[in-house]
Colleague: 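Okay, here's the structure, questions in a sec.
Fair warning: this is a prediction, and the values are worked out from it, not measured in the lab. These numbers come from the heavy atoms of this one structure, side chains and all, not from hydrogens, waters or symmetry mates. Residue numbers run from 1 in the order of the sequence given.
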Amino acid sequence: MFDLRLEYIATWISSRKYSSVALQFPDGLKRKATEVVDFLSEKTGASFIILGDPCYGACDVFYNFRTIADALVHFGHSPIPCQGIEEDVLYVEAFCNVDIKNIIRKNVQFFPPKVGLLSTVQYIKCLEQAKEIIEKSGKSAVIVIGDARIYYPGQVLGCDCSSAEAVTSGVDMLLFIGEGNFHPLAVAFSVKKKICILNPITGDFKSIDEIKDRILRRRFATIQRAKEAKSFLVIVCSKIGQKRESVADDIIIKLQKSKKKAYKVYMNELTPQNLMAYTVDAFISTACPRLAMDDSLRYNKPILTPPETEIVLGIREWEDYVFDTIRP
């Protein structure tokens, strides 16, 4: 289903005469790792090293690859332009080859006159298919590119919904084409517009409102718990695309002004196990927003995003709740 473009990768490696190549996979593609190595080894004669650490996006591309290999192939994500693109790094987005035209035809009657189209990188090619069918129905479909962290028009990252923000004022509804709830939830917290999800595999079409309300109730409870906290661990992630030290420093100043204790810690991998040893009342993550949002139930203490911390400190009202985003 997902196109790993192995012939193209083999040509890229051979044409550049790389003798060793590191391969970086997200967890969902690691089952393909040995198959990829077998194919590329036979085609190129190069040696390959599989990077075993978790990989969540281009934000944690392994830029130290030259310590172990001549080049890096990073699977499952598009580049983040403002990070810079190394000459010896190849991004293989793993596009999903799926025809969604019939699914769009089935549901287009439920769309308003003007629709903004969004997706993650795996289904980004579906947007043009959707646009064609929507416009044939007499309605308008708009695809807009976001800020310098975004590579494709209509693309949404877990930490960046600028493509949605750029299109929202000119449409009646945002349609997210993809699987899962996290990315459309990020959009729902970032813009004030009706948002629906269309699953390109199952054909399911639904509103995000009920899921958004459930997450908001959970976040409200976490914030209320954190209001009792007197000490906070402020986490800075060392991953290239998640490192926000200035945000962490700003939060520490706000905590100290509110007579709270604040401790700054650097870590590469933020997990419940890595935080268990610290004797503080709550955690604040300046890393990927989804770590606090998605995994909050796994932590034994409240874990907050920077905007949520402002609510705890009384700097921001709950009614002004916003999703944490990472900007260029």
Colleague: Give a yes/no verdict on a cation-pi contact between R5 and Y8, requiring under 6.0 Å between NZ or CZ and the six-membered ring centre and an angle within 45° of the axis.
Modeller: yes
Colleague: With sequence neighbours excluded, tell me which residues meet side-chain hydrogen bond (donor to acceptor under 3.5 Å, both in side chains) with E86.
Modeller: R66
Colleague: Can you tell me if S285 uses its side chain to pair, donor with acceptor, with the backbone of I235 under 3.5 Å?
Modeller: no
Colleague: What distance do F95 atom CZ and L4 atom CG have between them, rounded to the nearest 0.5 Å?
Modeller: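 Interatomic distance, F95 CZ to L4 CG, rounded to 0.5 Å: 11.5 Å.
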Colleague: Tell me, do P26 and H77 make a side-chain contact under 4.5 Å, heavy atoms counted?
Modeller: yes
Colleague: Enter the distance from T222:OG1 to Y299:OH here, rounded to the nearest 0.5 Å.
Modeller: 12.0 Å
Colleague: Is a salt bridge present between R327 and D160, judged by a nitrogen-to-oxygen distance below 4.0 Å?
Modeller: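 Yes.
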Colleague: Would you say T271 and N274 are linked by a side-chain donor-acceptor pair, where the criterion is simply a distance under 3.5 Å?
Modeller: yes
Colleague: Do the side chains of F25 and H74 get nearer than 4.5 Å, heavy atoms only?
Modeller: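 Contact flag for H74/F25 side chains = no.
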Colleague: With a 4.0 Å cut-off on N to O distance, would you call E35 and K30 a salt bridge?
Modeller: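 Here E35 does not pair with K30 in a salt bridge, since their nearest N and O are not under 4.0 Å apart.
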Colleague: Is there a side-chain contact between I177 and L118 (heavy atoms, below 4.5 Å)?
Modeller: no
Colleague: For E317, I'd like to know if atom CD has over 12 heavy atoms of other residues, nucleotides or ligands within 6.0 Å.
Modeller: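 No, because the 6.0 Å sphere around CD of E317 holds 12 heavy atoms or fewer from other groups.
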Colleague: About how many Å separate CD1 of I80 and CZ of R149, when rounded to the nearest 0.5 Å?
Modeller: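 These two atoms lie 4.0 Å from each other.
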Colleague: Given side chains that start at C-beta, do those of L270 and I303 come closer than 4.5 Å, heavy atoms only?
Modeller: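 With C-beta onward as the side chain, the pair touches.
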Colleague: Counting only heavy atoms not in K264, do more than 12 fall under 6.0 Å of its NZ?
Modeller: yes
Colleague: Same cluster for L6 and L72 if Ile/Leu/Val/Met/Phe/Trp/Tyr side chains link at under 4.5 Å?
Modeller: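 Each belongs to a different hydrophobic cluster.
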Colleague: Quick one: list whatever passes side chain to side chain contact (heavy atoms under 4.5 Å, CB included) with S41, sequence neighbours left out.
Modeller: V37, F48
Colleague: Is the backbone N or O of G76 less than 3.5 Å from a side-chain atom of E93, with the two atoms forming a donor-acceptor pair by type?
Modeller: no
Colleague: Has K114 got a side-chain atom pairing as donor or acceptor with A141's backbone, closer than 3.5 angstrom?
Modeller: no
Colleague: Give a yes or no on this: more than 12 heavy atoms of other residues, nucleotides or ligands lie within 6.0 Å of atom NZ of K261.
Modeller: no
Colleague: Return a table of donor-acceptor pairs under 3.5 angstrom between the side chains of residues 189-198 and protein atoms on other chains or two or more places apart.
Modeller:
residue: S190; atom: OG; partner: A186; partner atom: O; Å: 2.7
residue: K193; atom: NZ; partner: T168; partner atom: O; Å: 3.2
residue: K193; atom: NZ; partner: V171; partner atom: O; Å: 2.9

Colleague: Take a 6.0 Å sphere around CD of Q273 and say whether it holds more than 12 heavy atoms from other residues, nucleotides or ligands.
Modeller: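 Counting other residues, nucleotides and ligands, CD of Q273 exceeds 12 neighbours.
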Colleague: What I want to find out is whether D213 reaches R217 closely enough, with some N-O distance under 4.0 Å, to be called a salt bridge.
Modeller: no
Colleague: Would you say the side chain of E269 lies within less than 4.5 Å of the side chain of C237, judging by non-hydrogen atoms?
Modeller: no
Colleague: Hey, are R316 and E308 close enough for a salt bridge, meaning a charged N less than 4.0 Å from a carboxylate O?
Modeller: no
Colleague: Before you tell me yes or no, could you show the steps for F75 and F2 under ring pair (Phe, Tyr, Trp, His ring centres under 6.0 Å), namely the whole-Å CA-CA distance, both residues' side-chain angles and the distance that decides it to 0.1 Å?
Modeller: CA-CA 11 Å; F75 289 89; F2 294 103; over 10 Å; no
Colleague: Would you say that E132 contacts K136 through its side chain, given a criterion of any heavy-atom pair below 4.5 Å between the two side chains?
Modeller: yes
Colleague: Take atom OH in Y63; do more than 12 heavy atoms of anything else shown fall under 6.0 Å from it?
Modeller: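 Count over threshold, so yes.
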Colleague: Do other residues, nucleotides or ligands put more than 12 heavy atoms under 6.0 Å from K43 NZ?
Modeller: no
Colleague: Give a yes-or-no answer on whether the side chains of D27 and Y56 include a donor-acceptor pair shorter than 3.5 Å.
Modeller: no
Colleague: With a 4.5 Å heavy-atom cut-off, do F176 and L117 have their side chains touching?
Modeller: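 They are not in contact (no side-chain heavy atoms under 4.5 Å apart), so the answer is no.
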Colleague: For residues S78 and Q155, is any side-chain donor paired with an opposing acceptor at under 3.5 Å?
Modeller: yes
Colleague: Looking at Y151, I want to see if its OH is surrounded by more than 12 non-hydrogen atoms of other residues, nucleotides or ligands under 6.0 Å.
Modeller: no
Colleague: So does I134 get a backbone contact from the side chain of S137, meaning a donor-acceptor N/O pair under 3.5 Å?
Modeller: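 The answer is yes, because a donor-acceptor pair under 3.5 Å joins these two groups.
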Colleague: When you compare the side chain of V167 with that of L174, does any pair of heavy atoms fall below 4.5 Å?
Modeller: yes
Colleague: Might you confirm whether atom NZ of K131 has over 12 heavy atoms from other residues, nucleotides or ligands at distances under 6.0 Å?
Modeller: yes
Colleague: Roughly how far, to the nearest 0.5 Å, is CD1 of I133 from CZ of R105?
Modeller: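 Interatomic distance, R105 CZ to I133 CD1, rounded to 0.5 Å: 4.0 Å.
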Colleague: Can you tell whether the side chains of R244 and D324 come within less than 4.0 Å, N to carboxylate O?
Modeller: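 A salt bridge links R244 with D324.
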Colleague: Checking the side chain of T286 only, and the main-chain atoms of V247 only, is there a donor and an acceptor separated by less than 3.5 Å?
Modeller: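 No, T286 side chain to V247 backbone: no donor-acceptor pair under 3.5 Å.
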